Structures are given as C-alpha cells and as structure tokens.
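Reckoned from all heavy atoms, side chains included, excluding hydrogens, waters and symmetry mates. This one's a predicted model, so the numbers in the text were calculated from it and none came from an experiment.
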Amino acid sequence: MLVRAALRTSRLSSLAPVQRRSASSLVFLEHKNGKLNDSSLNAVTAAQSLGSDTAGIVVGSKSDVDGVLEEVKKIDGLTKIYTAASDSYAHSLAENVAPLLASVLPAKNISHIFAAHTAVGKNVFPRLAGLLDSSMIADIVALESSGDVFIRPIYAGNAILKIKSSPKDKFKIVTVRTTAFDKAKTEGGSAAVEEVEATSGDASTKYVSEELTISSRPDLSSASRVVSGGRALKSQENFNKILDPLADALGAAVGASRAAVDAGYADNSLQVGQTGKVVAPELYVAAGISGAIQHLAGMKESKMIVAINKDPDAPIFQVADVGLVADLFEAVPELTKKVEGAKA
C-alpha cells in the first residue's frame with residue numbers, strides 16, 4: 001500500500017503544473033447548546049500550521065450562533081469568523097450544511113477547509129467534497145506547509161500513509177485526528193465577524209430526534225484521564241461497580257473496549273478503538289482489556305498507559321507504561337482505595 005501511494009505521488013508530480021491560488025484556510029467550528037466543541041480547537045491548530053490566513057465558520061440556528069460567538073471570537077489566530085444562521089442548520093444535517101460550505105469556499109477564496117474527525121465532520125465533509133468535485137482527505141495526523149501533502153494512519157495505525165492531493169482539486173477538504181494536534185488557545189483572539197447568506201438545503205431530509213447518553217463525567221474524547229474496561233468484567237453490573245468508583249476518584253471519563261460494548265456492558269458511545277473514539281489522555285487505565293489491535297488504535301497515543309490483566313501475555317502489556325498482572329476484581333478496588341486515600 002505504501003509503495004502504491006509513493007508511485008501515485010510520483011505520477012502526480014509529473015503532471016503539468018497548475019496555477020495555484022494563495023492558500024487560505026477555513027475551519028468548521030462545531031458547537032452544541034451554546035458551547036464550542038473542543039475538538040474544533042485541534043482543527044484550528046492544524047489549519048494554522050499552513051502559515052496562511054485562517055478563518056472560522058459557525059453554522060447553526062440564530063440562538064446557537066449567538067450563544068457561541070463570543071467564545072469563538074476569542075480563539076487565538078483566527079483572522080475572521082463567518083456566521084450563517086438558519087433553523088435548517090440547527091442540527092448540523094449534512095444535506096443542509098454542505099451546500100452552504102460549498103458556496104462559501106469559492107466566494108471567500110478559500111483553498112483549504114478543516115474540521116475535526118468527529119461524527120459531524122465525517123458526515124458533512126464527504127458530501128461537501130462531492131459537491132465541489134474534490135477529494136476528501138480524512139483523519140490526518142500531520143500536513144506539510146506546501147498544503148497539498150497530508151499524513152494519515154492506515155491499518156489501525158500500524159502504517160502511515162503520505163498523500164499528495166491532485167492539482168486538479170481546487171479545494172482541500174480535510175478532517176483532523178484531534179489527538180495529533182494541540183488545542184488552539186481560547187484567549188487573545190479578536191477576530192472580525194462577517195455574516196454569510198444562508199442557502200437552501202435538501203428539504204427531503206428532516207431532523208426527527210436524538211437520544212443522548214448524559215453523564216456528569218468528563219467527555220471521553222477530550223478527557224485528560226480515562227478508565228476503560230473490557231469483556232473480563234463479565235457483566236454490566238460489574239462494569240459499573242468496579243470502574244465507576246475508580247473513575248470518580250480520578251476525575252476520569254469511562255471508556256470500554258468493543259468486546260465490552262458488544263456484550264452489552266457499556267453504551268457504544270463509550271467505545272474506544274478503531275471503530276470507536278480515538279483518545280490520547282494524560283492517563284489511560286485499561287482494566288481487563290486484552291489489547292486487540294483495533295483497541296490499541298484508539299488509545300496507544302496516551303501519555304501514560306496503565307494495564308491491569310491477569311494474563312501476563314496479553315498484548316496490552318506491549319504498549320503499557322505500567323503493567324499489573326492481577327485479578328482486576330481485586331486490584332481495581334484496591335487501587336481505588338489508595339487513590340481516595342491519597343486525596344483525603
């Protein structure tokens with residue numbers, strides 16, 4: 001795969017040169033209930049690494065846009081904030097948001113648009129790419145200052161692919177792996193605000209409802225500490241009984257392996273891994289997780305990995321910074337007591 005990618009890069013390099021516009025970047029700023037999604041701050045940092053002017057765009061209902069605008073204006077490094085307010089944008093439906101973005105990019109002479117590789121970004125940007133007849137470049141972990149070379153993981157993070165976009169693509173449509181970039185600062189900014197005209201979307205698609213898992217704990221995607229459990233917990237009751245006290249003591253989010261989610265121990269919103277959420281907290285505690293390659297793809301960039309497993313040959317120990325070969329039903333409650341005692 002890497003060889004093929006290199007050959008394609010060579011072929012693209014031999015094409016006749018295309019006149020380039022000066023690069024300018026736009027970041028799609030996600031928000032919900034009047035609060036900016038922190039993942040968008042990572043996308044801002046990725047966009048700023050091009051060294052060009054970087055603007056942001058806030059799309060939503062009028063109340064949502066007004067509610068988040070003051071926070072967005074403070075983001076350091078953004079030169080302008082575009083806003084588009086309409087009830088049709090209230091729930092970030094791709095059928096309505098993508099046509100708006102497709103009209104903004106050429107009108108404002110934007111060459112690159114970035115978003116976090118979240119559920120919203122993965123929904124809106126492929127449709128945007130189709131409307132603009134440009135390639136979609138997903139889940140990047142780095143980019144070169146030239147603005148047409150991007151790096152992303154493949155094979156569950158076991159190989160790194162370098163992509164050179166085609167010169168025929170007038171627009172670079174990019175989603176960003178948030179764990180690969182620092183968050184932009186949310187102070188010191190003073191961006192000007194410009195309203196753009198709303199566009200009509202696909203009237204055949206309507207928002208019906210959503211079901212949310214409400215938790216008082218930190219958001220899994222951005223938490224600095226995560227406690228995750230695997231199938232070895234044996235039941236949903238054990239999952240909650242064993243992990244929740246440790247997570248509460250550490251002020252951590254709770255995660256789960258795919259095996260635990262498939263077994264019904266945890267909600268799928270807690271899944272960490274290749275087909276779940278990618279996290280990179282300061283501390284990641286893996287209790288009863290064997291360390292399948294799909295799970296490692298979602299957490300191996302964590303700064304400190306603590307693994308608890310009674311199988312000394314479990315693959316999780318190959319990436320762990322601290323490993324404890326023990327029965328989790330004994331080790332985790334004991335660890336919880338020690339953490340609570342240290343806080344007292």
Side-chain angles (χ1 to χ4, degrees), residues 21-94 96-121 123-125 127-129 131-132 140 143 147 171-176 178 181-201 222:
R21 298 173 298 163
S22 58
S24 57
S25 302
L26 181 68
V27 181
F28 179 70
L29 300 170
E30 262 187 72
H31 58 93
K32 194 174 184 69
N33 299 326
K35 180 173 175 57
L36 180 69
N37 186 329
D38 280 352
S39 297
S40 294
L41 298 175
N42 304 97
V44 170
T45 300
Q48 290 174 339
S49 66
L50 289 178
S52 59
D53 288 341
T54 303
I57 184 166
V58 180
V59 180
S61 66
K62 188 177 188 311
S63 60
D64 287 343
V65 171
D66 290 344
V68 79
L69 188 56
E70 288 304 315
E71 182 181 5
V72 166
K73 286 164 60 177
K74 296 177 183 177
I75 298 175
D76 187 34
L78 294 184
T79 57
K80 182 171 288 189
I81 302 296
Y82 297 106
T83 64
S86 170
D87 288 342
S88 64
Y89 302 145
H91 303 287
S92 300
L93 293 180
N96 295 332
V97 175
L100 168 73
L101 298 178
S103 67
V104 169
L105 264 61
K108 304 301 180 183
N109 197 31
I110 303 293
S111 60
H112 295 66
I113 182 168
F114 294 83
H117 194 67
T118 59
V120 173
N123 187 32
V124 173
F125 272 35
R127 182 174 288 266
L128 173 62
L131 291 172
L132 294 174
I140 68 163
L143 66 162
F171 307 99
K172 315 303 180 189
I173 300 165
V174 185
T175 59
V176 173
T178 56
F181 297 90
D182 294 332
K183 287 181 171 63
K185 295 180 180 179
T186 53
E187 55 185 20
S190 56
V193 178
E194 179 180 333
E195 186 175 353
V196 295
E197 186 177 356
T199 59
S200 58
S222 57

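- For the residue pair Ile81 and Ala191, the shortest heavy atom distance occurs at CG1-CB, 3.7 Å.
- Taking OG from Ser190 and CD1 from Ile75, the interatomic distance works out to 12.5 Å, rounded to the nearest 0.5 Å.
- Using modelled atom types, one side-chain atom of Ser24 and one backbone atom of Asn109 make a donor-acceptor pair closer than 3.5 Å.
- Residues Ser86 and Ala198 share a closest heavy-atom pair of CB-CB, 4.1 Å.
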Exercise. side-chain contact (heavy atoms from CB on, under 4.5 Å) between Thr83 and Val72: does it pass, once the steps are laid out?
Worked result: CA-CA 11 Å; Thr83 64; Val72 166; over 6 Å; no
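- Residue Lys183 places its NZ atom among more than 12 non-hydrogen atoms of other residues, nucleotides or ligands, all under 6.0 Å distant.
- Here the closest heavy-atom approach between residue Val97 and residue Tyr89 is recorded as CG2-CD2, 4.3 Å.
- Of the residues Val58, Thr175, Leu128, Leu101, the one that meets the side-chain contact (heavy atoms from CB on, under 4.5 Å) test with Phe28 is Leu101.
- Within a 6.0 Å radius of CG in Asp87, no more than 12 heavy atoms belonging to other residues, nucleotides or ligands are found.
- Separation of atoms CG (Asp53) and CG (Leu78) is listed at 11.0 Å; rounding is to 0.5 Å.
- The two atoms that bring Glu194 and Lys80 nearest to each other are OE1-NZ, 3.0 Å, heavy atoms only.
- In this structure, the separation between CD1 on Ile57 and NZ on Lys108 is 9.5 Å, given to the nearest 0.5 Å.
- At least one donor-acceptor pair under 3.5 Å links the side chain of His31 to the backbone N or O of Val59.
- You'll find the side chain of Leu29 stays beyond 4.5 Å of the side chain of Val68, heavy atoms only.
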Between side-chain atoms of residues 37-51 and protein atoms elsewhere (two or more places apart, or another chain), which donor-acceptor pairs fall under 3.5 Å?
{"residue": "Asn37", "atom": "OD1", "partner": "Ser39", "partner atom": "N", "Å": "2.9"}
{"residue": "Asn37", "atom": "OD1", "partner": "Ser39", "partner atom": "OG", "Å": "3.2"}
{"residue": "Asn37", "atom": "ND2", "partner": "Glu30", "partner atom": "OE1", "Å": "3.3"}
{"residue": "Ser40", "atom": "OG", "partner": "Glu30", "partner atom": "N", "Å": "2.9"}
{"residue": "Asn42", "atom": "ND2", "partner": "Thr178", "partner atom": "O", "Å": "3.1"}
{"residue": "Asn42", "atom": "ND2", "partner": "Phe181", "partner atom": "O", "Å": "2.6"}
{"residue": "Thr45", "atom": "OG1", "partner": "Leu41", "partner atom": "O", "Å": "3.3"}
{"residue": "Thr45", "atom": "OG1", "partner": "Asp182", "partner atom": "O", "Å": "2.7"}
{"residue": "Thr45", "atom": "OG1", "partner": "Ala184", "partner atom": "N", "Å": "3.2"}
{"residue": "Gln48", "atom": "NE2", "partner": "Asp76", "partner atom": "O", "Å": "3.0"}
{"residue": "Ser49", "atom": "OG", "partner": "Ala46", "partner atom": "O", "Å": "2.5"}

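- For the residue pair Ala55 and Tyr82, the shortest heavy atom distance occurs at CB-CE1, 3.9 Å.
- Between the CG atom of Asn96 and the NE2 atom of His91 there is a distance of 10.5 Å, given to the nearest 0.5 Å.
- Taking CD1 of Ile113 as the reference point, atom OG of Ser25 lies at 10.0 Å (rounded to 0.5 Å).
- Two residues are said to be in side-chain contact when any heavy atoms from C-beta on lie closer than 4.5 Å; Thr54 and Phe114 fail this criterion.
- Although no hydrogens or angles enter the test, the distance criterion places no donor-acceptor pair under 3.5 Å between the side chain of Thr79 and the main chain of Gly77.
- Pairing each heavy atom of Gly34 with each of Glu71, the nearest pair is O-OE1, 4.3 Å.
- Annotation: the span from Thr186 atom OG1 to Leu36 atom CG amounts to 8.5 Å, rounded to 0.5 Å.
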